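Structure, as structure tokens:
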Amino acid sequence: MCAELKIHMRSNKRRVLPNSKELIVNYNKRTPPETISEHNDPFRVDWTEIPNDPNDALGFLTGKEALRIPDRSIPRYKLFWPLRCGWYNESEYREKKDLYNDIATIIEEAIKTQLSLRRKRDWVQYGCVFVVPDLYERHYVSQTLEMLMRDLGFGKVCFIQESLAATCGAGYTTACVVDVGAQKTSICCVEEGMCIENSRINLKCGGADVTETFIRMMLYDHFPYADINLKRRYDFLLAEELKSKFCTMNEGEISPQLFDFHLRASGQDTRKYAFKTYDEVLLAPQGYYQPTIFDNSQKLKNRRKLVDRSYDLYEGGPNDPVSSAQSAVISLISPIVPVNGQTNGETSNGHTAPAPIKLAPNLFQKINDSERTPASTVGSPAPDDDDTPVPIGETNTATDTLAPSVRDDVLPVIALDTAILTSISHGARLDDRKTRDFLSSVMVVGGGAQIPGFYMFLEERLKELRPEFAKDIVIGTPPRELDPQGVIWKGGSVFGKLRGTNDSWIGKTEYDRLGARLLVYKCMWAW
Ligand SMILES: Nc1ncnc2c1ncn2[C@@H]1O[C@H](COP(=O)(O)OP(=O)(O)OP(=O)(O)O)[C@@H](O)[C@H]1O
């Protein structure tokens, strides 16, 4: 990537000094930190106060307080992250109920402290709009409903999918919504107030991967704080800060640059470090387009250890929602593609794997092969004997029927531009007018896209991949200066106030009688 970047910069007539890397490495190697006494540091951190007596009941801490526990108290606390990559984080728990309880506790505390609704018994007067992923798991939604009704005691509850919430918040009716979060990126085409089912994609990477990759790259270039360890809370927060301040996707900003930061650990003097960066600030966020540079090795760990996939109550088979776009993404990554659920082998999770078949080829007929297959693929699809392009819709027959075990075993991580075009092609289904509509209204939200130059870079990549639509492609942010990181929440609150939403509220009495079966009638999409 370094070499490619150099070539690209030269071809864009940018000045590239041959020894830039050496210069910054040498600087980083020989610059010791400066020590500032903790008491003289005007920006010293307020650490969470913990009772000194080890016999005192500790209870729990959530949110920022949990991340600011001083090191000396760490042995008495264990930090849990009950959700990871938009899935239950099963690897950290022994019991399902502890995992569910932690999620309920975090939400309860957030409502009490952030919304100042301190008395839980009053919550029966409130309706709760809960935003779920576009490509959710049924069990997750029904479990959430149980939590909101029984543990938190809301008077009524309704659900909205996140891309639809983004369009409600931004006031759009048609858009291809791309939400770049911390650990996942979701993409979905929305049309006339409905998420197009087959366009839903959920990639398991996001801003946290950029943070980690940036730090790994800096360490390789002799980052002076060599002991940085992202498992330590204050180091993780520091890394997030450095990424947010210094990473960019503007090629014009690439030159040796000097930055500094303060390391604040509890009970220690503050250390001020100076360091230099070169291309790391740009290469790390470019991982969105070359995600094999991210460390994806742990993301599937212990998946399905505690929480099984959802099954159809009557027919017995697995029945979590699927999307042909997501299946196409998985097929691009995995060489194993099933045909109509036939199976013949074991996968790494011990689930039965499907028989391999040939992949239908061109998802994007007008893109040549080298561009179409993302650099991130870990296996290559079997070549087709017949080179004639297959219409986009026809790829769906094979990909729709991916066995659930494959969906669990293959980590969906591919280049962002390919994923967006896959979503749009499955959302528009060969209709050029719709393709144009979605390409001209790609709305990017979420904190992961806050890196300077993100939108421009994405726009250029999409134009390169679909030159015939180059004039139409526009990447937008939510209008009216809405915060792209909060627009989904705003959409949820707008949705809760619409009169048309009335039918989707689930009340307490009907929930007591019918339970999660109500979701079939109450969700405003095909549950
Ligand atoms: N100014 C910024 N520059 C770069 N990255 C940023 C900036 N602000 C926030 N981020 C990143 O955005 C991510 C958080 O975004 P967001 O709040 O949309 O995610 P989330 O919804 O919590 O994540 P997920 O969708 O994975 O659950 C973090 O990785 C954070 O580092």
Side-chain angles (χ1 to χ4, degrees), residues 1-28 178 180 185 205 207 209-211 213-218 220-221 223 242-259 275-294 364 366-377 414-421 424 439-440 442 444 448-477 484:
M1 286 170 79
C2 282
E4 267 176 31
L5 177 66
K6 252 189 214 156
I7 296 170
H8 198 258
M9 284 174 66
R10 287 212 175 100
S11 70
N12 280 346
K13 308 258 180 299
R14 297 194 195 281
R15 216 161 76 108
V16 181
L17 296 175
N19 60 347
S20 302
K21 237 342 182 277
E22 258 175 16
L23 282 175
I24 70 134
V25 167
N26 285 339
Y27 180 89
N28 289 344
V178 180
V180 189
T185 295
C205 61
D209 293 291
V210 176
T211 307
T213 307
F214 177 53
I215 297 300
R216 275 196 289 135
M217 286 179 170
M218 283 316 310
Y220 189 78
D221 291 341
F223 187 55
L242 297 181
K243 187 252 323 240
S244 302
K245 276 191 181 157
F246 307 133
C247 280
T248 177
M249 296 195 85
N250 293 326
E251 213 179 76
E253 290 175 34
I254 302 307
S255 62
Q257 291 196 66
L258 176 63
F259 297 118
F275 73 114
K276 281 193 176 178
T277 63
Y278 181 53
D279 54 5
E280 312 82 358
V281 289
L282 183 118
L283 295 179
Q286 275 195 358
Y288 284 122
Y289 300 89
Q290 204 139 322
T292 39
I293 69 167
F294 294 153
F364 306 108
K366 293 164 192 163
I367 302 170
N368 67 40
D369 267 2
S370 61
E371 285 167 332
R372 181 173 51 86
T373 308
S376 59
T377 53
I414 62 165
L416 184 63
D417 47 3
T418 309
I420 293 174
L421 293 179
I424 291 181
L439 282 172
S440 62
V442 177
V444 181
Q450 301 289 300
I451 294 172
F454 187 97
Y455 300 92
M456 189 63 87
F457 192 89
L458 176 59
E459 201 168 292
E460 274 168 23
R461 295 280 300 211
L462 293 178
K463 284 179 177 169
E464 265 172 43
L465 288 179
R466 302 300 314 252
E468 71 280 25
F469 289 110
K471 274 199 218 121
D472 302 293
I473 294 175
V474 182
I475 309 292
T477 45

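Starting from 1, each residue takes its place in the sequence as its number. Please read these numbers as outputs of a predicted model, since none were measured by experiment.
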key: 4.5 Å side-chain heavy-atom contact, R14 and I254   = no
inquiry  = Salt bridge check, E4 against K6: does any charged N sit closer than 4.0 Å to a carboxylate O?
reply    = no
query = Just by modelled atom types, is the C205 backbone N or O under 3.5 Å from a matching donor or acceptor in the T185 side chain?
reply = yes
For F223, ring-ring contact (aromatic ring centres under 6.0 Å, His included) partners two or more places apart = F261, F275
query = Once you round to the nearest 0.5 Å, how far does CE of M456 lie from CD of E460?
reply = 6.5 Å
ask   = Taking the side chain as C-beta and beyond, is there a heavy-atom pair between R461 and L465 under 4.5 Å?
value = no
ask   = Looking at the rings of F457 and Y288, which for Trp means the six-membered one, are their centres under 6.0 Å apart?
value = no
query = From L439 CG over to E459 CD, what is the distance, rounded to the nearest 0.5 angstrom?
reply = 11.0 Å
note = Only one of L421, D472, I424 passes side chain to side chain contact (heavy atoms under 4.5 Å, CB included) with R466, and that residue is L421
message = Pair K276, D221 - check salt bridge (charged side-chain N to carboxylate O under 4.0 Å, His left out), show working.
response = CA-CA 9 Å; K276 281 193 176 178; D221 291 341; over 6 Å; no
key: Spacing of CG belonging to L462 relative to CZ belonging to F469, to within rounding of 0.5 Å   = 12.0 Å
message = Please give me the minimum heavy-atom distance between Y278 and I24, naming the atom from each residue.
response = N-CD1, 3.9 Å
task = Quick one: list whatever passes ring-ring contact (aromatic ring centres under 6.0 Å, His included) with F214, sequence neighbours left out.
result = none
query = Side chains of M217 and I293: closer than 4.5 Å at any heavy-atom pair?
reply = yes
ask   = Less than 4.5 Å apart, any side-chain heavy atom of K21 and any of E280?
value = yes
message = Nearest 0.5 angstrom please: C247 SG to I451 CD1, how far?
response = 5.5 Å
remark   = CD1 of I420 to CG of L458, rounded to nearest 0.5 Å, is 4.5 Å
Among T477, I475, L416, the one residue meeting side chain to side chain contact (heavy atoms under 4.5 Å, CB included) with F454 = L416
message = If the condition is salt bridge (Lys or Arg N to Asp or Glu O under 4.0 Å), which residues does E253 pass it with, not counting sequence neighbours?
response = none
query = Minimum heavy-atom separation for A415 to Y289, with atom names?
reply = CB-O, 3.5 Å
key: P484 to Q450 - nearest heavy-atom pair and separation   = CG-NE2, 3.5 Å
task = Rounded to the nearest 0.5 Å, what's the gap from NZ on K463 to CG on D417? Could you check?
result = 14.0 Å
ask   = Is there side-chain contact between M218 and F246, with at least one heavy-atom pair below 4.5 Å?
value = no
